[in-house]
Amino acid sequence: MHGEVRLRLTEVEAYDGERDPASHAWRGRTARNAAMFGPRGHAYVYFTYGMHYCLNVVTGDEGTASGVLLRAGEVVAGTEVARARRPGAPPRDLARGPARLTKALGVDANQYGVPLLDPAGELRLERAGDTPGPELVSSGPRVGVSREAERPWRFWLTGDPTVSPYRPAVKRRR
DNA sequence: CGGTTGATTATCT
DNA sequence: GATAATCAACCGT
């Protein structure tokens, strides 16, 4: 959650640090990905496509650079605030996609590197209820990555309407 | 519906 | 100079 807006996560995607060709950390540490190499439980926020922010949770030990991209969620509190940030969006689309999620939450470069497990933090990750069992979770190829897209490291709640529509990675023309 | 395209810039080659 | 862990608008069917 961030401020008044609370999300129930429905879709995430994993990246395996420097060993993973699809990871931002693949070519080693840079100014942009420095937070991925930091302690687990902190935020790695990146800016892409000239206009979007995406939010990751750092999951590996310090120096490891693994992370999980938060791809989608269902807004369960603070709907008014989220709707004001995404005017015109149908309720189920408020956080349906990694950039939509940060927009609805109000996350941007200001949250780069902040701790997510601090109960006093504005932006934080909380456990709510039991971890869903395998019968409720699906997995498949990651989205938008051109290398190693076949790794089935995107996970989502089966049948949940707030999961982002699957779009296979394609080479862009120009 | 589904497919295509422009937006817009930090980052890396 | 090209690309990118994307989105929304716009097309034709």
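Throughout, protein chains are lettered first and strands after them, A, B, ... in sequence-line order, and every chain is numbered starting at 1.
Here the P atom of nucleotide C:dA5 and the CG atom of A:Leu101 are 17 Å apart, to the nearest Å. To the nearest angstrom, P of C:dT6 lies 8 Å from CG of A:Leu69. Whole-Å rounding puts the A:Asp108 CG to B:dA10 P distance at 14 Å. Between A:Arg96 atom CZ and C:dA8 atom P there is a gap of 11 Å when expressed in whole angstrom units. One interatomic measurement links the two molecules: NZ of A:Lys103 to P of C:dC7, which rounds to 11 Å at whole-angstrom precision. Between the CE atom of A:Met36 and the P atom of C:dA5 there is a distance of 11 Å, rounded to whole Å. Going from atom OH of A:Tyr53 over to atom C1' of C:dA4 covers 15 Å, rounded to whole Å. The distance from atom CZ of A:Arg142 to atom P of C:dA5 is 11 Å, rounded to the nearest whole Å.
A salt bridge links A:Arg40 with A:Asp61: the closest approach of a Lys/Arg side-chain nitrogen to an acidic carboxylate oxygen falls below 4.0 angstrom. Remark: A:Asp20 engages A:Arg142 in a salt bridge, criterion side-chain N to carboxylate O under 4.0 Å. Contact check on A:Glu74 versus A:Arg8 returns a salt bridge, with a Lys/Arg side-chain nitrogen under 4.0 Å from an Asp/Glu carboxylate oxygen. A salt bridge between A:Glu18 and A:Arg29 is absent, with no side-chain N of the basic residue lying under 4.0 Å from a carboxylate O of the acidic one.
Residue A:Thr30 has a polar side-chain atom (N or O) positioned under 4.0 Å from OP1 or OP2 of B:dC12.
The nucleotide whose nearest atom lies closest to any side-chain atom of A:Arg100 is, among C:dA5, B:dA7, C:dA8, C:dA8. For A:Val143, whose side chain is taken as the heavy atoms from C-beta onward, the closest listed nucleotide among B:dT11, C:dT6, C:dA8 is C:dT6. The side chain of A:His52 lies closest to C:dT6, out of C:dA5, B:dA7, C:dT6. Candidate nucleotides B:dT8, C:dA8, C:dA5 were compared by shortest atom distance to the side chain of A:Arg86, and C:dA8 ranks first. Among the nucleotides C:dT6, B:dT8, C:dA5, the one closest to any side-chain atom of A:Tyr49 is C:dT6. Distance from the side chain of A:Phe47 is smallest to B:dT9 among C:dT6, B:dT9, C:dA5. When each of C:dA5, B:dC12, B:dT8 is scored by its nearest atom to the side-chain atoms of A:Arg27, the top-ranked nucleotide is B:dC12.
In this structure, B:dT8 forms no base pair with any nucleotide, since neither Watson-Crick nor G-U wobble geometry is met with both distances under 3.5 Å. Summarising the base pairing, C:dA5 is matched to no nucleotide, lacking a Watson-Crick or G-U wobble pair whose two defining distances lie under 3.5 Å.
Judged by distance alone with a 3.5 Å cut-off, no donor-acceptor contact links the side chain of A:Tyr46 to the base of B:dA10.
Per the stacking criterion (ring centres < 5.5 Å, plane angle < 30°), A:Tyr15 stacks onto the base of C:dA5.
Under the 3.5 Å distance criterion, the side-chain polar atoms of A:Thr158 are matched with a main-chain donor or acceptor of A:Leu136.
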